[in-house]
J.: 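Attaching a single structure in structure tokens format; questions to follow.
Just so we're clear, the structure is a prediction, and the values are computed from it rather than from any experiment. One is the number of the first residue; the rest follow in order along the sequence.
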Amino acid sequence: MRRRTLLAASLGLNLGATGRLLAAGASASAPKFLLVFLRGGYDAASLLVPHASSFYYEVRKDIAIAPPSSELTSALPLNGDWGLHPALRESLYPLYQRGELAFVPFAGTDDLSRSHFETQDSMELGQPSSGRKDYGSGFLNRLAGQLSGSSPMAFTDQLPKIFQGSEKVPNTALKSLAKPAIDTRQSEIIAAMYRGTPLAATVQEGFALRQELMRDLAGEMQAASRQAISAKGFELEARRIAKLMRENFNLGFVDVGGWDTHVGQGGATGYLANRFDELGQGLAGFAQEMGPAWKNTTVVVLSEFGRTFRQNGNRGTDHGHGTVMWVLGGGMRGQRVAGEQVAVERATLFQDRDLSVLNDYRAVLGGLFQRQYGLSAAQLSQVFPGAKARDLGLL
């Protein structure tokens, strides 16, 4: 255990009490799941554009996305009701056309606080909104407990609430590996401290393993820089995550911030468009980097809530309710907008301000877990107590 802990520390990994190391592995052919959490509540009505709604264009005069047309700034056609933000033209739209991407609008939770922190906690716990909550039990931790041969990893600085619980889950942040916490000089000093002791070989092995990983990642960065999609921002992190999930982990989590667009969020171009572009490139890069394992992988993109349907006085949007879930995977039946839906008009808004929640995120995820892992109703009730799984036929 001590040996593994030292090796992990040299890589910047927090393994908790499990002592799991990369070498623990997870079969490349085993089902894999990654949850990407957009912290801040992204504007789902800009991502999935209700282009058939005249009300949408009435109340979003400055930030609406034009209906599908030959113009590059118009929405990408999905069906007669919905379009996709044009920033995703080169990254995720091809996946949609291949049937590897679907969207679930009117999704979310029954939490009505419109508070980032309260709603994020509520979603990560995955417990009923009423009654006593166990704040030390996140739903991905409970899922890990139901899976045989589970190999989870949180790709975050701190262990998120969603992975807290009885299963001991490691965490590591990959976004800053290009700038190692321990440089060569510091490594030599540490190695000298242990020279001549029983731990000397272990310390040297740990630094060697770290250097090997850094060389691999450096090569990966150089290769990506020659791709049409440049390796920057989230794409670099997503490719690093894929590199580890391909062979070593089968259950992952990463969060992406910067989605609280109260002021100047933009429309087809601008701040939010740039965020979508970065996220889309990252997800496309993840799919590419997974290689053959992509056929067995499911990725879900989720946010704590959507935003107000009307734009505010600062050409932005405020905290809302219903959002849109994204579901990606190489083996899914996508190319559709799934789940319960209603026409987008003033009469269908929740409290005359937000998209409604018609598809509970726990039910949607439960249906995916049922398909992907073959979990029984009893097992799903452990993951999402009080929720009934809803199979949308995406897998």
Side-chain angles (χ1 to χ4, degrees), residues 35-38 41-56 59 75-85 96 99-112 114 119 122-123 126-130 139 298-310 317 319-329 332-372 375 377 380-381 383-395:
L35 182 66
V36 180
F37 200 100
L38 307 185
Y42 83 98
D43 181 33
S46 286
L47 180 281
L48 196 61
V49 181
H51 63 79
S53 169
S54 60
F55 181 62
Y56 171 79
V59 300
L76 304 167
L78 301 182
N79 60 33
D81 296 315
W82 303 101
L84 186 63
H85 195 288
Y96 182 85
E100 298 178 4
L101 170 62
F103 298 97
V104 182
F106 304 102
T109 172
D110 58 2
D111 187 294
L112 299 179
R114 292 193 177 88
T119 313
S122 175
M123 295 193 89
Q127 301 170 24
S129 57
S130 60
F139 77 78
T298 303
V299 178
V300 169
V301 180
L302 185 64
S303 192
E304 66 262 33
F305 45 61
R307 305 190 74 79
T308 49
F309 196 72
R310 298 176 180 85
T317 50
H319 299 178
H321 190 45
T323 185
V324 175
M325 297 174 65
W326 318 15
V327 186
L328 306 84
M332 64 177 295
R333 292 178 283 187
Q335 201 173 4
R336 59 197 178 99
V337 180
E340 187 177 347
Q341 302 166 42
V342 293
V344 179
E345 53 192 32
R346 179 171 183 173
T348 63
L349 293 184
F350 177 73
Q351 295 182 349
D352 193 35
R353 56 174 280 163
D354 310 316
L355 291 176
S356 300
V357 172
L358 306 176
N359 301 291
D360 181 86
Y361 82 103
R362 299 195 307 157
V364 175
L365 286 173
L368 290 172
F369 296 157
Q370 188 176 47
R371 284 269 188 171
Q372 186 164 14
L375 298 184
L380 288 170
S381 70
V383 179
F384 292 121
K388 183 178 181 181
R390 185 178 183 188
D391 184 4
L392 298 181
L394 297 176
L395 295 177

J.: If the condition is ring-ring contact (aromatic ring centres under 6.0 Å, His included), which residues does Phe305 pass it with, not counting sequence neighbours?
T.: His116, His319
J.: Residues in ring-ring contact (aromatic ring centres under 6.0 Å, His included) with His321, at least two apart?
T.: Phe350
J.: Applying salt bridge (charged side-chain N to carboxylate O under 4.0 Å, His left out), name anything that partners Arg390, two or more places apart in sequence or on another chain.
T.: none
J.: For the side chain of Arg333 and the backbone of Leu395, is there at least one donor-acceptor N/O pair under 3.5 Å apart?
T.: yes
J.: Arg114: which residues meet the side chain to side chain donor-acceptor pair (under 3.5 Å) condition with it, sequence neighbours left out?
T.: Gln351, Asp354
J.: List the residues meeting ring-ring contact (aromatic ring centres under 6.0 Å, His included) with Phe55, not counting sequence neighbours, and say none if there are none.
T.: Phe309
J.: Can you give me the closest heavy-atom contact between Pro385 and Gly126, atom names plus distance?
T.: CD-O, 3.9 Å
J.: When you measure from the side chain of Thr323 to the backbone N and O of Ser303, does any donor-acceptor pair fall under 3.5 Å?
T.: no
J.: Who pairs with Thr298 by side chain to side chain donor-acceptor pair (under 3.5 Å), at least two apart in sequence or on another chain?
T.: Gln372
J.: Calculate, to the nearest 0.5 Å, the distance between atoms OH and OG belonging to Tyr56 and Ser46 respectively.
T.: 5.0 Å
J.: To the nearest 0.5 Å, what is the distance between NZ on Lys388 and OG on Ser381?
T.: 13.5 Å
J.: Please confirm whether the backbone N or O of Ala45 pairs with a side-chain atom of His85, one donor and one acceptor, at under 3.5 Å?
T.: no
J.: Could you tell me which residues satisfy side chain to side chain donor-acceptor pair (under 3.5 Å) with Ser129, sequence neighbours excluded, listed by chain and number?
T.: Asp110
J.: For Leu76, which residues count as a side chain to side chain contact (heavy atoms under 4.5 Å, CB included) partner, sequence neighbours excluded?
T.: Leu84, Arg89, Tyr93
J.: Evaluate the side-chain proximity of Tyr42 to Val324: yes if any heavy-atom separation is below 4.5 Å, no if none is.
T.: yes
J.: Which atom pair, heavy atoms only, marks the closest approach of Leu349 to Arg310?
T.: CD1-NH1, 3.9 Å
J.: State whether the side chain of Thr348 and the backbone N or O of Ser356 hold a donor-acceptor pair below 3.5 Å, judged by distance alone.
T.: no
J.: Taking only residues two or more places apart in sequence, or in another chain, which ones meet Asp391 in a side chain to side chain donor-acceptor pair (under 3.5 Å)?
T.: Arg371
J.: Please list, chain by chain and in numerical order, all residues satisfying side chain to side chain contact (heavy atoms under 4.5 Å, CB included) with Asp360, sequence neighbours excluded.
T.: Arg362, Ala363
J.: Report the relative orientation of the aromatic rings in Phe384 and Tyr361; use parallel for angles under 30°, tilted for 30 to 60°, perpendicular for over 60°.
T.: perpendicular
J.: Just how far is it from atom CE of Met325 to atom CG of Leu392, taken to the nearest 0.5 Å?
T.: 8.5 Å
J.: Give the minimum heavy-atom separation between Thr109 and Val357, together with the two atoms involved.
T.: O-CG2, 3.7 Å
J.: List the atom of Ala52, the atom of Gly80, and the distance in Å for their closest heavy-atom pair.
T.: CB-O, 3.6 Å
J.: Hey, does the side chain of Asp81 reach the backbone of Pro50 with a donor-acceptor pair shorter than 3.5 angstrom?
T.: no
J.: If every non-hydrogen atom of Ala338 is compared with every non-hydrogen atom of Pro105, which pair is closest and at what distance?
T.: O-CD, 3.3 Å
J.: Scan for salt bridge (Lys or Arg N to Asp or Glu O under 4.0 Å) pairs involving residues 334-347, sequence neighbours excluded, and state none if there are none.
T.: Arg346-Asp352
J.: Would you name the heavy atoms of Met332 and Ala102 that are closest together and state the gap between them?
T.: CE-CB, 3.8 Å
